[in-house]
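For reference, the structure discussed in these notes is given below.
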Amino acid sequence: MADKWKIEDEFLFGGDYNPDQWLDRPDVLEADLTLMKNAGISVVSLGIFAWSTLEPEEGKFEFDWMDRIIDNLHGAGVKVFLATPSGARPAWMAERYPEVLRVGPSGGRNLFGARHNHCFSSPVYREKVRIMNTRLAERYSSHPAVVLWHVSNEYSGDCHCELCQANFRAWLKERYKTLDALNKAWWTSFWSHTVTDWDQIHSPVPHGELSVHGLNLDWQKFTTHMTVDFMTHEVEALKSAGSDLPVTTNMMMVMEDKGMDPGLDNWKFREIMDYASWDSYPAWHMPGHKILIHGETPDEEADDYRRASEEAFHHDLYRSLCNGPFLLMESTPSRVNWQATSKGKRPGMNILAGMNAVSHGSNSVQYFQWRQGRGSFEKYHGAVVDQSGRDDTLVYRECAELGAMLKKIKPVAEAGYPARAALVYSWENRWALDDSQGPVNNDRKAYVETVRKHYYCLWKAGIPVDVISGEEDLSGYELVAAPMLYLTSRKQAENFRTYVEGGGNLLTTYNTGYVDETDLCFEGGSPGPLRDVLGLRVEDLDALHRNERIYLSMEEDYPVQDYYEIVRPEGAQVLARFRDPWHQDLPGFLVNSFGGGKAYHLAGRLDADSLYEVYQIIVSDREIRSNLDLVIEKSSELDIQIREKGDKVYLFVMNFSAREGSVVLKSTWNDFLEEGEAGDEWTLPPYGLKILTN
Ligand code: GAL
Ligand code: ZN
């Protein structure tokens, strides 16, 4: 038997394949194989929503069609990520066992419909999933084409049924042991909310309780817990049936029209996944459309550059999740169908977006979807093969070009990503902060935007970043930034302390260390357990009106918006002060020497350009290494990323701009795609790229 597939082996190229929609069209299924071969497709994700085809009636399983499809794919040299179909269940199941359907916050049970419409507590649903996963594993896990389990699809959502309420109470009991402890943690004597029986506890809902922050936070944590528990149940079924194939589930991170998906604490999934994967749908070429990091200075031609940074942030997060190469499980080769304006990609952008993922450690480029279906909700969604079924469309041809490139750069697949800095992103903090009623409310709390803005500053400075939870070993990082960590867990605080003591460089900001992991304020106020590390205490966190500004005076005056703090130094040295008509000389930017390291604190919110200047100070003071050390000069919208293995370095030079780009490097490199010397100076067309090696 051939060696087991590993993610480091090669780049995979492909996408979601739904032959179950075409079983009455053998001609189409046959054409698929030829079209796949010509496009360089090497993987498909199969069976994601195929439950009603696999089990059309309860207990009546039909696998013959899948046998044929997998055999044929194998014959064509295409690998299979085999899905468990739990993302949507068949109508017969909902009809016979209504408990599998979700109950919304209003208390009403959903009707059959849509997808993700199932209760993760339901014993019936769990049993049906167990049977299905067992059958799939028994039948396919030793098929040579099948290399990975694609468990479910974009887990999401919560359920408020009685089974889930009971599980929630049991989870709380396990956590707090006594009602007294729970009442204290939730501060329930406020508004007379003391709970005297576990059965009085109900999930947070609009017509009931929404104002107990500890309850809200615990419900979010519980929803993550239930989803992880459900996934564990799915994986156990596969393993008990004898499968030792690696496992992933495709995480959902960005819905550009809805902001970043807040639902599940992704960090809690790292234990049950062998490889991380995610679905990426950025809005390229949409000037001003929900660019979260940089609204202040619109420059349409530069929008794609900033969008690339937002994308890179997510790539870095998923690479960091399982600490190694990840899979770009879904993206669109052309357009989605759900944005207000679902724009297609300009020539070059599909290849560039795929290579952006690769440059940050993805070992696949995959699409939703291989072929457009003829009916229903996604018939206009982008696909490698559209309704015409042709292989000479712009989209198909650009895909084929990318497929060929990925074959060419195969050795890069075993190269790592040398992160120098780390950026903390915490779902628990996001939930607590979104819920908080503070000096600044509504969209201006903007945690996600703030983290992305910090990411942008590091990315623009050419510093490779891991995006982390803050509870990992930090000792290898030259800089750790933890912006706006309103909820600072004791574990994070301890971790930061150890890191700075041991010589590390930490950056924190306004609105840090207010509450602990149960959403209770730290006694003594902000920054809570970080007070001695930062060498300061915060007397007040104040708000500015939407258009009101004070200034941080450095070489220039940088405008401060939304938030600023009244900081009292307790050992920290003031690097810059605020210019503010009502307070004289308030510290705005400070540094504290703690153990062998430095802890920086920025006490007000800056726009991205000003924040970049602050980062420049830290980067040059602390001599943080940058990819730009290889560059003499480059145009501003060129991004440079590195993957490396030992002494072998692969340089990705990418032009995220509608303008031509140029670069002068300090030394000469070889062109990995064109083969031969690349020289040290050249221009790149709009959305062009080069991959170089030493
Ligand atoms: C993803 C989903 C796919 C498809 C795609 C469309 O979130 O996993 O099945 O619906 O969106 O953009
Ligand atoms: Zn439920």
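Order of listing sets the numbers, starting from 1, for every ligand and every atom in it.
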Practice prompt. Could you tell me which atoms of ligand 1, counted from 1 in the order shown, lie closer than 4.0 angstrom to a heavy atom of Asn153?
Written response: 2 (C), 8 (O), 9 (O)
Worksheet entry | cation_pi(Arg135, Tyr140) dist<6.0 Å, angle<=45 | no
Discussion item. Could you work out, with salt bridge (charged side-chain N to carboxylate O under 4.0 Å, His left out) as the rule, every residue matching Glu95, not counting sequence neighbours?
Written reply: none
Discussion item. Tell me whether Gln369 reaches ligand 1 (any heavy atom closer than 4.0 angstrom to a ligand atom).
Written reply: no
Practice prompt. Just let me know how Met252 lines up against ligand 1, side chain, backbone, both or neither, with a heavy-atom cut-off below 4.0 Å.
Written response: neither
Worksheet item: Any salt bridge (charged side-chain N to carboxylate O under 4.0 Å, His left out) pairs touching residues 319-342, not counting sequence neighbours?
Response: Asp316-Arg319, Arg319-Asp466
Worksheet item: Are any of the N or O atoms of Asn250 closer than 3.5 Å to those of ligand 1?
Response: no
Practice prompt. Ignoring hydrogens and angles, tell me if any N or O in the side chain of Arg109 forms a donor-acceptor pair with the backbone of Leu101 under 3.5 Å.
Written response: yes
Practice prompt. Under 4.0 Å, heavy atoms only, figure out whether ligand 1 is touched by the backbone of Thr332, its side chain, both or neither.
Written response: neither
Worksheet entry | Glu378 N/O to ligand 1 N/O under 3.5 Å | yes
Practice prompt. Pick one of side chain, backbone, both or neither for how Arg115 approaches ligand 1, counting any non-hydrogen atom pair under 4.0 Å.
Written response: side chain
Worksheet item: Out of Phe313, Tyr425, Phe269, Trp278, which residue meets the ring-ring contact (aromatic ring centres under 6.0 Å, His included) rule with Tyr318?
Response: Trp278
Item to complete: Fit a plane to each ring of Tyr125 and Phe230, take the angle between them on a 0 to 90° scale, and name the class: parallel (under 30°), tilted (30 to 60°) or perpendicular (over 60°).
Response: parallel
Worksheet item: When you measure from the centre of the six-membered ring of Trp284, is the NZ or CZ of Arg307 under 6.0 Å away and within 45° of the axis?
Response: no
Fill in: From CA spacing to verdict: side chain to side chain contact (heavy atoms under 4.5 Å, CB included), Leu82, Leu148
CA-CA 6 Å; Leu82 190 57; Leu148 175 91; over 6 Å; no
Worksheet item: Among Glu58, His118, Glu55, which residue meets the side chain to side chain donor-acceptor pair (under 3.5 Å) test with Lys128?
Response: Glu58
Worksheet item: Would you say Phe49 contacts ligand 1, with heavy atoms under 4.0 Å as the rule?
Response: yes
Fill in: Close-contact set for ligand 1 against Trp338 heavy atoms, below 4.0 Å
6 (C), 12 (O)
Worksheet item: Does Asp279 approach ligand 1 within less than 4.0 angstrom via side chain, backbone, both or neither, non-hydrogen atoms only?
Response: side chain
Fill in: Qualifying residues under side chain to side chain contact (heavy atoms under 4.5 Å, CB included), relative to Ser106, sequence neighbours excluded
none
Worksheet entry | Any donor-acceptor N/O pair, Asp274 side chain to Val247 backbone, under 3.5 Å | yes
Discussion item. No waters, cut-off 2.8 Å: how many protein N, O or S atoms are close to the Zn ion (ligand 2)?
Written reply: 4
